[in-house]
Amino acid sequence: MSKFAAPRFTLKLLGPRYWPTILLILIMYLLSWLPYVVQRRLGQGIGRLALAVMKKRRFTIERNLELCFPDMPAEERKKLVRANIDNTGLALFETGMAWFWSDARVKRHVRIEGMEYIEQLEREGKGALFIAVHSLNLELAARAFGIHKSGMGVYRPNNNPCFDFVQYRGRARSNRTLIDRKDVKGMLKALSTGERVWYAPDHDYGRRRSTFAPLFAVEQACTTTGTSLLVDNSGCEVMTFRMVRETDSGDYVITLDPLHEAFPRNAPEQAAVVINKAVENAILAAPCQYMWLHRRFKTRPEGEPCLYRAAEELLHSPAA
């Protein structure tokens with residue numbers, strides 16, 4: 001199905017150059033055994049520490065929120081930044097949960113709403129493209145859903161072979177397989193034969209196969225047309241997929257829904273508008289749990305200035 005072979009273990013992965021990676025993975029594994037409430041507290045602390053050091057990332061979070069929600073009161077936006085930083089640290093623990101928790105422990109903390117839509121598509125023999133967003137708990141979301149209904153994830157191999165081996169095994173643990181993000185034919189084949197594929201069109205992937213469409217208050221956001229390519233050439237259905245951590249209990253809820261409006265077929269520019277609306281709805285379900293540290297609006301239409309330049313200049317100023 002995929003153009004690349006699944007990473008295999010070799011003795012080279014135990015060499016000295018990978019010892020820091022092995023240490024990190026061991027720490028993630030050991031932390032995953034802690035009580036869940038302890039992991040939540042530790043995650044918040046790590047997030048605050050990391051973003052205090054990684055000032056550029058913090059500026060990116062602040063700038064993205066300023067661009068998307070210009071009318072939000074400054075104090076409310078500051079609270080959202082702080083909450084997002086807490087959740088960014090917790091993402092490390094949620095990744096460990098996804099890779100190392102037992103099925104029973106995952107089920108205990110995650111419930112799924114909307115499974116009836118998936119079962120209906122199964123009866124009809126139709127494939128489903130899951131429109132997901134880069135929520136900070138996406139790793140755990142894919143693992144939790146895969147326990148009930150296996151699917152296929154779009155995968156970018158890690159440059160570190162040791163980490164890639166563990167990452168692949170963790171992500172494929174409860175899912176059928178992973179498909180290289182460049183393997184369009186593999187995705188089309190999966191969708192055409194009734195499979196489920198996760199796809200996250202919410203990031204800025206550059207000008208290739210893209211158009212500009214509104215996203216929140218940014219009128220021209222570079223948006224991939226890969227969604228249209230997959231839907232138009234496979235005949236699959238489009239579903240939205242999101243997972244939110246509840247504030248009180250700390251447990252997670254996966255929500256599966258059809259698109260709120262019909263997906264425009266063979267119309268990539270119109271489809272990008274619909275997809276971005278779906279992305280907005282998913283993010284607004286829990287804005288503090290979204291990956292705001294990605295430079296979402298880095299690609300601009302010809303002649304338009306960089307939207308991050310002022311923030312970068314402030315970062316490098318003596319006062320910063």
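All values below come from the heavy atoms of this structure, side chains included, with hydrogens, waters and symmetry mates left out. Residues take their numbers from the sequence shown, with the count starting at 1.
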**OP:** Verify, without hydrogens or angle tests, whether D164 (side chain) and P157 (backbone) share a donor-acceptor contact under 3.5 angstrom.
**Re:** no

Original post:
Honestly, is R181 close enough over Y155, meaning NZ or CZ under 6.0 Å from the six-membered ring centre and within 45° of the axis?
Top reply: no

Original post:
Counting N and O atoms only, with roles assigned by atom type, does the side chain of T225 sit under 3.5 Å from a partner on the main chain of R209, one being a donor and the other an acceptor?
Top reply: yes

Original post:
Around R105, counting heavy atoms of other residues, nucleotides and ligands shown, do more than 12 lie under 6.0 Å from its CZ?
Top reply: yes

Subject >> Inter-residue atom distance I61.CD1 - L80.CG, 0.5 Å rounding >> reply: 9.5 Å

Original post:
Are the charged groups of E66 and R63 less than 4.0 angstrom apart, N to O?
Top reply: yes

**OP:** Please report the closest heavy-atom contact between V244 and A285, naming both atoms and the distance.
**Re:** CG2-CB, 3.9 Å

**OP:** Over all heavy atoms of both residues, which pair between L129 and L230 is shortest? Give the atoms and the distance, please.
**Re:** CD1-CD1, 4.1 Å

Subject >> Main-chain N/O of E246 paired to S249 side chain as donor or acceptor, under 3.5 Å >> reply: no

Original post:
Salt bridge or not for E122 and K149, using N-O below 4.0 Å?
Top reply: yes

Original post:
Between the side chains of E116 and Q120, is a donor N or O closer than 3.5 angstrom to an acceptor N or O?
Top reply: no

Subject >> T223 side chain reached by S210 side chain, heavy atoms, under 4.5 Å >> reply: no

**OP:** Output yes when a side-chain donor or acceptor of Q39 lies under 3.5 Å from a complementary backbone atom of S32, and no otherwise.
**Re:** yes

**OP:** Taking R242 for its side chain and S135 for its backbone only, find out whether a donor-acceptor pair lies under 3.5 Å.
**Re:** no

Original post:
Do F165 and L13 have side chains that get closer than 4.5 Å, going by heavy atoms?
Top reply: yes

**OP:** Could you pull out the closest heavy-atom pair between N276 and P214, with the gap in Å?
**Re:** ND2-O, 3.1 Å

Original post:
Is a side-chain N or O of N137 found less than 3.5 angstrom from the main chain of L140, in a donor-acceptor match?
Top reply: no

Subject >> Contact check, side chains of R245 and E94, non-hydrogen atoms, under 4.5 Å >> reply: yes

Original post:
Are any non-hydrogen side-chain atoms of I85 and V81 less than 4.5 angstrom apart?
Top reply: yes

Subject >> Between T240 and D257: side-chain donor-acceptor atoms closer than 3.5 Å >> reply: no

**OP:** Examine distances only and state if a side-chain atom of D204 and a backbone atom of K298 form a donor-acceptor pair shorter than 3.5 Å.
**Re:** yes

**OP:** Could you go through the side-chain contact (heavy atoms from CB on, under 4.5 Å) check for M28 and F100 one step at a time?
**Re:** CA-CA 9 Å; M28 290 175 63; F100 305 123; 4.1 Å; yes

**OP:** Kindly state whether the ring of H109 and the ring of Y36 have centres lying under 6.0 angstrom apart.
**Re:** yes

**OP:** Considering non-hydrogen atoms only, spot the tightest contact between V133 and A282 and give its length.
**Re:** CG1-CB, 3.9 Å

**OP:** Could you pull out the closest heavy-atom pair between P201 and I275, with the gap in Å?
**Re:** CG-CG2, 3.6 Å

Subject >> Test log, rule side-chain contact (heavy atoms from CB on, under 4.5 Å), inputs R196 and I118 >> reply: CA-CA 9 Å; R196 292 171 285 269; I118 305 305; 3.6 Å; yes

Original post:
Is there a side-chain contact between F145 and S150, using heavy atoms and a 4.5 Å cut-off?
Top reply: no

Original post:
Between L34 and L42, is any pair of side-chain heavy atoms under 4.5 Å apart?
Top reply: yes

Subject >> Passing option when N64 is tested against F69, F216, F297 for side chain to side chain contact (heavy atoms under 4.5 Å, CB included) >> reply: F297

Original post:
Is it the case that more than 12 heavy atoms not belonging to R41 sit under 6.0 Å from its CZ atom?
Top reply: no

Original post:
OH of Y29: more than 12 outside heavy atoms within 6.0 angstrom?
Top reply: no

Subject >> Aromatic contact, H134 with H203 (centres under 6.0 Å) >> reply: yes

Original post:
Does the T88 side chain pair with the main chain of D86, one donor and one acceptor, at a distance under 3.5 Å?
Top reply: no

Subject >> R207 CZ: over 12 foreign heavy atoms closer than 6.0 Å >> reply: yes

Original post:
When you measure from the side chain of R300 to the backbone N and O of Q220, does any donor-acceptor pair fall under 3.5 Å?
Top reply: yes

Subject >> Residue pair L215 / C68, side-chain heavy-atom distance below 4.5 Å >> reply: no

Original post:
Could you state the interatomic distance from CG (N84) to CG (L293), rounded to the nearest 0.5 Å?
Top reply: 7.0 Å

Subject >> Min side-chain heavy-atom separation I254-R111 under 4.5 Å >> reply: no

Original post:
Do Y117 and E237 have side-chain atoms, one donor and one acceptor, less than 3.5 Å apart?
Top reply: no

**OP:** Would you tell me whether Y290 and D202 have side-chain atoms, one donor and one acceptor, within less than 3.5 Å of each other?
**Re:** yes

**OP:** Verify the ring-centre separation between Y199 and F130: is it less than 6.0 angstrom?
**Re:** no

Original post:
Which heavy atom in A98 sits nearest to a heavy atom in R143, and how many Å separate them?
Top reply: O-NH1, 2.9 Å

Original post:
Going through the distances and angles, do L178 and M152 end up as a side-chain contact (heavy atoms from CB on, under 4.5 Å)?
Top reply: CA-CA 5 Å; L178 300 176; M152 297 182 178; over 6 Å; no

Original post:
Can you check whether W99 and F163 have ring centres sitting under 6.0 Å from each other?
Top reply: yes

